[in-house]
Amino acid sequence: SIGVTFNRKQELFNVPFVYGFDWQKQNGRTYDVNASKLNYDKDRSGIAPYVEASIPLGQANLGLGLRYESWNVDDADNVSEFIPRLSLNWESPKGKLLYLTAGRYYMMPTLSQILYEGWGAIQSPNLKPEQGWTYDIGIKDEKAKNPWKLGAFYMDMEDKIIWNTDSWMGEAAYINVAEYKAWGFEGQYKFNINDNWSFTPGFAYTYAEEKADSSADWVRSSTPRMDISAFLNYKQDKWRAELAAHYYGDRVVDKKSTGKFANDDEDIFLVNATVAWDVFENQTLRLTCTNIFDKEFIISSSGYINPERKIIASWECKF
């Protein structure tokens with residue numbers, strides 16, 4: 001996978017806006033002698049121009065965004081989608097910000113989901129993009145001595161991609177479910193310990209259900225219902241560091257299969273760390289370690305297994 005991203009901020013008639021585009025080209029290739037597997041060697045490329053504007057309305061602010069995503073896929077239907085987004089913010093005299101957002105959600109299946117194969121699993125070359133609508137409402141105070149935020153959300157989706165252990169061939173596979181909906185709430189509170197250290201605990205609760213097809217009953221999704229998080233941050237001069245931990249609880253992933261992850265409803269604890277150094281002006285050297293303890297879990301209703309431990313070094317330049 002290769003990609004290019006561009007964006008620019010400027011004002012037009014005293015209205016600040018941002019425009020840009022994302023472009024990427026991907027290739028997936030796999031070969032297998034088993035009859036149930038597919039020989040796959042295809043490309044796909046996507047372009048997504050977008051624009052966002054921020055319009056003052058008295059003490060409120062109206063945000064308008066539009067993204068157009070278009071994908072060209074080898075030997076398959078090309079897809080495109082307009083993705084609008086609307087937001088309304090109002091800041092109280094005491095600095096608290098109330099916000100409301102609504103927007104379109106659209107996500108292509110990953111090549112990992114299309115090409116995944118393993119013991120007792122088949123590929124899914126005909127996955128459809130996930131699509132739907134998301135809504136958020138909340139309040140936050142980023143100007144307080146100890147910033148905080150509280151919010152609630154709702155999403156309604158079609159063709160959500162999940163990991164299914166009852167495929168038509170009796171083997172597991174990624175599939176699209178007809179309908180998916182979820183609601184929940186979330187919050188954070190940042191303790192500024194001193195000029196260098198801060199600690200931010202957070203909590204999120206998600207109640208999600210799905211339908212295999214339009215005539216089926218709603219059943220519980222295996223998305224973890226609880227996400228308890230904690231972030232320890234340090235900054236001084238040109239240095240920044242973060243230790244992040246997530247605890248995922250109240251989840252049911254699979255009660256049918258007999259493999260390694262059968263009945264895998266145990267709780268999850270994952271830890272990541274990042275250290276960044278501003279070497280020169282507008283240049284940052286960053287070292288990141290994800291999944292420090294190298295734990296392996298199925299982490300979502302998609303059957304997604306969290307990445308193994310990774311150490312990534314990057315050099316970021318802004319101009």
Side-chain angles (χ1 to χ4, degrees), residues 1-10 17-32 34 36-53 63-86 103-118 121-134 155-164 167 172-178 180 286 288 290 299-308 310 312-319:
S1 177
I2 59 173
V4 175
T5 296
F6 168 81
N7 66 70
R8 179 177 173 81
K9 299 178 182 179
Q10 66 181 70
F17 72 101
V18 178
Y19 62 91
F21 69 87
D22 298 319
W23 174 85
Q24 56 183 312
K25 184 177 180 64
Q26 301 173 343
N27 172 261
R29 181 184 305 158
T30 183
Y31 301 98
D32 198 294
N34 296 331
S36 62
K37 313 301 181 186
L38 299 176
N39 288 337
Y40 188 102
D41 185 1
K42 303 185 188 304
D43 292 325
R44 68 180 188 182
S45 59
I47 182 72
Y50 61 87
V51 61
E52 299 177 11
L64 299 173
L66 181 62
R67 178 183 176 95
Y68 176 73
E69 195 156 324
S70 178
W71 285 86
N72 185 287
V73 187
D74 277 357
D75 300 328
D77 293 335
N78 298 328
V79 294
S80 60
E81 182 82 6
F82 281 103
I83 309 171
R85 185 176 183 272
L86 174 69
R104 182 73 173 161
Y105 176 86
Y106 185 81
M107 182 65 67
M108 289 286 288
T110 66
L111 290 181
S112 297
Q113 292 168 333
I114 293 173
L115 302 179
Y116 178 80
E117 62 177 13
I122 58 175
Q123 295 170 341
S124 307
N126 298 315
L127 285 176
K128 302 175 184 177
E130 297 179 333
Q131 50 190 315
W133 294 90
T134 63
M155 63 180 65
D156 190 353
M157 296 173 54
E158 299 175 359
D159 296 325
K160 181 173 176 58
I161 299 170
I162 70 165
W163 179 249
N164 179 41
S167 73
Y174 284 103
I175 65 167
N176 293 103
V177 293
Y180 173 90
R286 183 175 289 105
T288 300
T290 60
I299 200 170
S300 75
S301 58
S302 304
Y304 172 68
I305 298 175
N306 62 286
E308 68 280 3
K310 290 183 179 179
I312 302 172
S314 62
W315 190 296
E316 180 183 283
C317 300
K318 295 181 181 180
F319 55 90

Trainee: Would you compute the distance between atom CD1 of Ile114 and atom CD1 of Ile161 and round it to the nearest 0.5 angstrom?
Mentor: 8.0 Å
Trainee: Please name all residues satisfying side chain to side chain contact (heavy atoms under 4.5 Å, CB included) with Arg104, sequence neighbours left out, ordered by chain then number.
Mentor: Glu81, Ile83, Pro84, Gln131, Trp133
Trainee: Taking all heavy atoms of Glu130 and all of Asp159, pick out the closest pair and write down the distance.
Mentor: CG-O, 3.5 Å
Trainee: Does Lys25 have any side chain to side chain contact (heavy atoms under 4.5 Å, CB included) partners at least two apart in sequence or in another chain, and if so, which?
Mentor: Ile2, Trp23, Asp43, Ser45
Trainee: Where is the tightest heavy-atom contact between Leu66 and Phe82, given as atom of each residue plus distance?
Mentor: CD1-CD2, 4.2 Å
Trainee: Please report the interatomic distance CD(Gln10) to OH(Tyr19), rounded to the nearest 0.5 Å.
Mentor: 4.0 Å
Trainee: Under the salt bridge (charged side-chain N to carboxylate O under 4.0 Å, His left out) definition, can you give me all pairs with a residue in residues 44-53, not counting sequence neighbours?
Mentor: none
Trainee: Which atoms form the tightest heavy-atom contact between Thr288 and Arg286, and what is the distance?
Mentor: OG1-CG, 3.8 Å
Trainee: Name all residues meeting the side chain to side chain contact (heavy atoms under 4.5 Å, CB included) criterion together with Ala53; count only those two or more places apart in sequence or in a different chain, and write none if there are none.
Mentor: Val15, Phe17
Trainee: Please report the closest heavy-atom contact between Tyr106 and Pro129, naming both atoms and the distance.
Mentor: OH-CG, 3.5 Å
Trainee: Closest approach of Asn126 and Asn176, non-hydrogen atoms and distance?
Mentor: O-OD1, 4.4 Å
Trainee: What distance do Leu86 atom CG and Leu64 atom CG have between them, rounded to the nearest 0.5 Å?
Mentor: 6.0 Å
Trainee: From the options Val51, Asn7, Val4, select the one residue that forms a side-chain contact (heavy atoms from CB on, under 4.5 Å) with Phe21.
Mentor: Val4
Trainee: Go through the structure and list residues passing side chain to side chain donor-acceptor pair (under 3.5 Å) with Glu158, not counting sequence neighbours.
Mentor: none
Trainee: Using the test side chain to side chain contact (heavy atoms under 4.5 Å, CB included), find all partners of Lys9 that sit at least two apart in sequence or belong to another chain.
Mentor: Val18
Trainee: For the residue pair Asn78 and Asn72, what are the closest heavy atoms and their distance?
Mentor: OD1-CA, 3.4 Å
Trainee: Applying side chain to side chain donor-acceptor pair (under 3.5 Å), can you list everything that pairs with Tyr50, at least two apart in sequence or on another chain?
Mentor: none
Trainee: Got a second to check how far Trp71's CH2 is from Met108's CE, nearest 0.5 Å?
Mentor: 5.5 Å
Trainee: Please name all residues satisfying side chain to side chain donor-acceptor pair (under 3.5 Å) with Thr5, sequence neighbours left out, ordered by chain then number.
Mentor: Asp22
